Amino acid sequence: MSGRFTAMSAAPYEESHLYRLRHTAAHLMAQAVTELYPGAKLTLGPPIENGFYYDIEFPEAIKEADLAGIENRMRELAKLDMPLVRREATDRDDARRIIREECSLGQGEEVISYKLELLDAVPEGQTISFYEQRATDKQGKERLFIDLCRGPHVESTKEVRHFKLMSIAGAYWRGDVRNKMLTRIYGTAFETKDDLQGYLTFLEEAAKRDHRKLGRELGLFMFSPVVGQGLPLWLPKGTVLRETMNQFLRDEQVKRGYQGVVTPNIASIKLYEKSGHILTFREKLFPFMEDPEGETFILKPMNCPFHIEIYRSAMRSYRDLPIRYAEFGTVYRYEQSGELAGMLRVRGFTQDDAHLFVRPDQLLDEFVGVVDLMMQVLKRLGLNDYRARVGTRDPENAKYIGHDDNWRLSEEAIIEACRRVGLDYVVSPGDAAFYGPKLDLIIKDALGRDWQMGTVQVDYNLPERFELEYTGDDSKPHRPIMIHRAPFGSLERMIGLLTEQYAGAFPFWLAPVQVAVLPIADRHVAYARQVAERLQGYPVLGLAPEGEQVAADPGAWTGPNLRVSVDESRETLGKKIRENTKQKVPYLLICGDRDCEAGTVGVRARGEEADLGSMTLAGFLERIQPEL
RNA sequence: GCCGACGUAGCUCAGCGGCAGAGCAGCUGUUUCGUAAACAGCAGGUCACCGGUUCAAAUCCGGUCGUCGGCUCCA
């Protein structure tokens, strides 16, 4: 989606002219900053997906209002038409000299301290290059900027015309919290005015699809400061969405041999000491609770240890495996306040979790089954725009536990499973969990940000820690392998994302209200109710405004069980259409005099801003058959 | 948590040292209407909270809480 605003050609973005342009824009911004804020220390300033940034340590904190001044100076500098000249250092000492003497721009040793550090990080044998831009302005003053940089850049600063500085953020030097926080300035640049305007318009449009805005407008979910940060409240319509999705998945899982289990929301700390989460997950745990008798409990951050205890509750034979325990389990994780993001990042969420206990010889088949289920879920949700990432072990890193043979077996199983099911994936070394490789599904939100959704993980660690066993055909104990999996990932994140993907216009099977029946005048309410009752298969509650309860048609209660509302507000038809359209109801059925007489409804479908004419209910049901 | 921005009626926003405002939503009444907003009236506020400056604070300053964009981390 964001690709629309990056490389349009077949060449990768990193090799495009646009990428170079943004890189040059970053240099131009750095030059403006060194002129306006003497003593500012430059660090890194790369192009990124939709623009560029530069991380800078300012002598004094700057504010967003200061961006206009920097932007103006950039425009002034750009017009000087400075060519970007590449220079290569002869060796490391030469590079050091250039940084000290030239990059410092006479502002002292201090301002180039980060650059010297970056120089040290350049791998041995790699050419060390600089990019220089200089010009003499109308007042005869020399304007110069030179930066340690791999390049490449565009020809001249003059090409940097259509740009905008977007925002300020803090960013740790080298991405490490223990380091000093720098000021990051984000900007964007494009080749044409239209492209820049297009991007800004895209951002405005994205804001309209924001799930937080739509969640409120459509009555799906909310947050309350009194309840607490990151703790969502599901409104009736959002709950319909959630339960509909759960039901779909539950049905699929039953067919695939899963068994439902239910476990509590808190557990003794002992459980998590045993699982090891108390150590590895410590900073994500809410504070512990102590009961009056001195026992310590924690709010559950994961479901796995509970399912493991269920596994351990009986002797297991190799004939019992695989065992698949599924639970829509709500977990609580303490996320730092600054990283909460609507429904996409919350502190209490429900995973569509399951744990499979399998024999080594079953690993591949079970994996294929799980990946197949995930594909089916994606298809049903209508999600086509996703990426699958296989996280494997980084051989360089020592944090991974377990035997090499196990890693090889499970990494191969994941990849083979993707192949068999036809799921396109990319392998990402170093993205495995410390206890095993995994497959993640990644989806973009309205703003083009990546979110990890569904996940499958192989785990050799927990069976080890809990000493899980089954008796093999050799009568000896064997250790099962665990597969953790959650096709949605979490209901909160998935529904947040779906809301943005569909801009609130959910597919028919998910729509909280599928059909709205709109009586034109009070005298049509009774008929409208009859229509609703036939579609939903049970009586509408309450009395019609005429004061008479519609006689229930006993034959009617076998309807297609649609979710139907009757708009009995005392408003004009136009108003009712407007309101129900804004609520993104898939079908509106209008009932007036003509319909009451002929036994028809006037049909209006979402997305088609027109009257589709009148039809009988049977005709309507036939029409929507493909969507059921 | 850290950096930056923002908190005015249920929602969207105006007001930015001198009487707290509009539209929508809500309530009441009238209207009973055929494809995206009927008409009229009423009600609705600790201007997020706490403190300070000032004759006077929604407005300026400080702190707290919350939200948003980033960093770090993850479903």
Side-chain angles (χ1 to χ4, degrees), chain A residues 48 53 55 58 61-67 166-186 203 207 210 212-213 216-217 222-226 228-230 281 283-284 301-302 329 331 333-347 349-353 433 440-443 447 449-455 457 484 486-494 496-497 518-525 545 570-582 588-595 602-604 608-614:
Chain A
I48 52 172
Y53 68 79
D55 283 347
F58 282 87
I62 66 161
K63 288 182 294 203
E64 220 139 86
D66 298 320
L67 294 183
M166 306 297 287
S167 62
I168 286 182
Y172 301 105
W173 169 233
R174 301 207 148 162
D176 192 328
V177 263
R178 289 165 302 192
N179 288 340
K180 181 148 195 154
M181 183 164 267
L182 309 166
T183 302
R184 173 171 298 180
I185 302 176
Y186 280 98
L203 291 179
D210 190 316
R212 290 165 293 217
K213 177 180 157 69
R216 186 175 50 239
E217 289 173 357
M222 59 169 282
F223 292 88
S224 157
V226 182
Q229 287 186 281
F281 223 67
E283 75 284 2
K284 286 286 160 85
M302 348 191 99
V331 297
R333 299 181 183 176
Y334 174 78
E335 304 287 350
Q336 298 184 80
S337 58
E339 46 190 23
L340 298 171
M343 292 299 256
L344 302 182
R345 190 70 173 287
V346 293
R347 283 177 171 168
F349 59 98
T350 302
Q351 297 177 312
D352 55 329
D353 215 355
D440 294 321
L441 291 176
I442 295 157
I443 302 181
L447 284 171
R449 297 175 298 197
D450 281 343
W451 294 93
Q452 185 186 316
M453 311 301 293
T455 183
Q457 305 177 4
H484 309 242
F488 298 146
S490 83
L491 269 306
E492 287 71 12
R493 183 172 286 180
M494 184 54 92
L497 252 304
L518 317 187
I520 291 175
D522 285 351
R523 64 179 178 280
H524 308 123
V525 167
R570 290 166 56 88
E571 294 289 350
T572 57
L573 179 62
K575 181 65 174 289
K576 291 181 183 183
I577 287 173
R578 180 180 159 83
E579 291 307 318
N580 285 283
T581 301
K582 275 166 64 178
L588 309 185
L589 303 185
I590 286 96
C591 301
D593 289 336
R594 297 202 297 262
D595 301 292
V603 178
R604 204 182 149 103
E608 300 175 47
E609 293 169 26
D611 181 1
L612 300 181
S614 59

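The basis for the numbers below is simple: all heavy atoms, side chains too, and nothing from hydrogens, waters or symmetry mates. Computed from a predicted model, the values in this text were never measured in an experiment. Lettering of chains follows the sequences in order, A, B, ..., and the numbering in each one begins at 1.
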### Message
Measure CG/A/Leu340 against P/B/rG70 and give the value in whole Å, please.
### Response
14 Å
### Summary
The Watson-Crick or G-U wobble partner of B/rC60, with both key distances under 3.5 Å, is B/rG52
### B/rC39 to B/rC6 separation - P atoms, rounded to the nearest Å
38 Å
### Task
Would you mind pulling out the nucleotide paired to B/rC16, Watson-Crick or G-U wobble, both distances under 3.5 Å?
none
### Task
Once you apply the 3.5 Å cut-off to both distances, tell me the Watson-Crick or G-U wobble partner of B/rU35, or none.
none
### P atoms of B/rU59 and B/rG52, separation to the nearest Å
14 Å
### Query
Rounded to the Å, how far apart are A/Met166 CE and B/rG69 P?
13 Å
### Message
What's the closest nucleotide to the side chain of A/Gln351 if the choices are B/rC11, B/rG69, B/rA75?
### Response
B/rA75
## Note on the structure
When rounded to whole Å, the CG to C1' distance for the pair A/Leu67 and B/rG69 reads 13 Å
### Task
Determine the minimum heavy-atom distance between A/Arg345 and A/Glu335, stating which atoms define it.
NH2-OE1, 3.1 Å
### Below 4.0 Å: OP1/OP2 of B/rU67 and any side-chain N or O of A/Arg345
no
#### Entry: Closest to the A/Lys284 side chain, choosing from B/rC73, B/rG70, B/rA36
B/rC73
### Message
Going by the rule side chain to side chain contact (heavy atoms under 4.5 Å, CB included), which residues pair with A/Asp55 if we only count those two or more places apart in sequence or in a different chain?
### Response
A/Thr43, A/Tyr53, A/Ala171, A/Leu182, A/Arg184
### Message
Just to be sure I understand the rule, does A/Val346 reach a base, reach only the sugar-phosphate, or reach nothing, if contact means heavy atoms closer than 4.0 Å?
### Response
base
### Message
Whether A/Arg212 contacts B/rC68 is assessed here as follows: a side-chain N or O lying under 4.0 Å from the phosphate OP1 or OP2. Is that the case?
### Response
yes
### Query
Could you state the CG-C1' distance from A/Asp611 to B/rU35, rounded to the nearest angstrom?
6 Å
### Query
How many Å lie between CG on A/Asp353 and C1' on B/rA75, as a whole number?
10 Å
### Which nucleotide in B/rA75, B/rG69, B/rC11 has an atom nearest any side-chain atom of A/Arg216
B/rC11
### Message
Give me the distance, rounded to whole Å, that separates B/rU12 from B/rC74 when you measure between the P atoms they each carry.
### Response
34 Å
#### Entry: Shortest non-hydrogen contact between A/Leu340 and A/Gly230, atoms and distance
CD1-N, 4.0 Å
### Query
If you take atom types as modelled and just measure distance, does the side chain of A/Asp595 reach the base of B/rG34 with a donor-acceptor pair under 3.5 Å?
yes
### Task
Using side chain to side chain donor-acceptor pair (under 3.5 Å) as the criterion, list what pairs up with A/Asp352, not counting sequence neighbours.
none
### Task
State which residues pass side chain to side chain contact (heavy atoms under 4.5 Å, CB included) with A/Arg578; sequence neighbours excluded, sorted by chain then number.
A/Lys582
### Task
Spell out, as yes or no, whether a donor-acceptor pair under 3.5 Å connects the side chain of A/Arg493 to the backbone of A/Leu344.
yes
### Query
Contact class for A/Gly574 vs. all strands (heavy atom < 4.0 Å): base, sugar-phosphate, or nothing?
sugar-phosphate
### Message
What is the separation between atom CZ on A/Phe281 and atom P on B/rC74, rounded to the nearest whole Å?
### Response
9 Å
### Query
Would A/Arg212 and A/Asp210 satisfy salt bridge (Lys or Arg N to Asp or Glu O under 4.0 Å), going step by step from the backbone distance to the final call?
CA-CA 5 Å; A/Arg212 290 165 293 217; A/Asp210 190 316; 2.7 Å; yes
### Query
Does B/rC65 pair with anything, Watson-Crick or G-U wobble, both distances under 3.5 Å, and if so, with which nucleotide?
B/rG7
#### Entry: Derivation and outcome, side-chain contact (heavy atoms from CB on, under 4.5 Å), residues A/Tyr334 and A/Glu283
CA-CA 7 Å; A/Tyr334 174 78; A/Glu283 75 284 2; over 6 Å; no
### Query
Does A/Arg604 put a side-chain nitrogen or oxygen below 4.0 Å from OP1 or OP2 of B/rG34?
no
### Query
To the nearest Å, how far apart are A/Asp440 CG and B/rA75 C1'?
9 Å
### Message
At under 4.0 Å between heavy atoms, how does the protein contact nucleotides 25-33 of chain B? Give one character per nucleotide, 5' to 3', with B, S or -.
### Response
S-----BBB
### Residues which pass ring-ring contact (aromatic ring centres under 6.0 Å, His included) with A/Phe281, listed by chain and number, not counting sequence neighbours
none
### Message
Please report the distance, rounded to the nearest Å, between CD1 in A/Ile590 and P in B/rG34.
### Response
12 Å
### Query
Listed by chain and number, what are the salt bridge (Lys or Arg N to Asp or Glu O under 4.0 Å) partners of A/Glu579, not counting sequence neighbours?
none
#### Entry: Base paired to B/rC47 (Watson-Crick or G-U; both N/O distances under 3.5 angstrom)
none
### Query
Taking the same atom, P, in B/rC47 and in B/rC60, what whole-Å distance lies between them?
15 Å
### Query
How far, in whole Å, is B/rA22 from B/rC55 if one measures between their C1' atoms?
31 Å
### Message
Can you work out whether A/Ser490 or A/Ser614 has the more 5'-proximal nearest nucleotide on RNA chain B?
### Response
A/Ser614
With 3.5 Å as the limit, what N/O pairs link the protein to nucleotides 1-8 of chain B?
{"from": "B/rG1", "atom 1": "OP1", "to": "A/Ser337", "atom 2": "OG", "distance (Å)": "2.1"}
{"from": "B/rG1", "atom 1": "N9", "to": "A/Gln336", "atom 2": "OE1", "distance (Å)": "3.0"}
{"from": "B/rG1", "atom 1": "N7", "to": "A/Gly338", "atom 2": "N", "distance (Å)": "3.2"}
{"from": "B/rG1", "atom 1": "N2", "to": "A/Tyr172", "atom 2": "OH", "distance (Å)": "2.4"}
{"from": "B/rG1", "atom 1": "N3", "to": "A/Gln336", "atom 2": "OE1", "distance (Å)": "3.2"}
{"from": "B/rC3", "atom 1": "O2", "to": "A/Gly170", "atom 2": "N", "distance (Å)": "3.0"}
{"from": "B/rG4", "atom 1": "O2'", "to": "A/Glu64", "atom 2": "OE2", "distance (Å)": "2.7"}

### Task
Searching all strands shown, indicate the nucleotide that pairs with B/rU72 (Watson-Crick or G-U wobble; both distances under 3.5 Å).
none
### Task
Between B/rA25 and B/rG62, how far apart are the P atoms? Round to whole Å, please.
40 Å
#### Entry: Which residues share a side chain to side chain contact (heavy atoms under 4.5 Å, CB included) with A/Ile442, sequence neighbours left out
A/Arg387, A/Arg389, A/Asp450
### Query
Contact class for A/Gly454 (heavy atom, under 4.0 Å): base, sugar-phosphate, or nothing?
nothing
### Task
Can you tell me, in whole Å, how much space there is between the P of B/rU35 and that of B/rG41?
28 Å
### Message
Both distances below 3.5 Å, Watson-Crick or wobble geometry, any strand: find the nucleotide opposite B/rA25.
### Response
none
### Message
Is the base of B/rG70 stacked against the aromatic ring of A/Tyr186, taking ring centres under 5.5 Å apart and planes under 30° as the test?
### Response
no
#### Entry: Electrostatic pair A/Asp176:A/Arg178 at N-O distance under 4.0 angstrom
yes
### Atom P, compared across B/rU67 and B/rU32: separation rounded to whole Å
49 Å
### Task
Go through the structure and list residues passing side chain to side chain contact (heavy atoms under 4.5 Å, CB included) with A/Phe349, not counting sequence neighbours.
A/Val331, A/Arg333, A/Val346, A/Gln351, A/Ser490, A/Glu492
### Query
Of the nucleotides B/rC74, B/rG70, B/rU35, which has the atom closest to the A/Arg184 side chain?
B/rG70
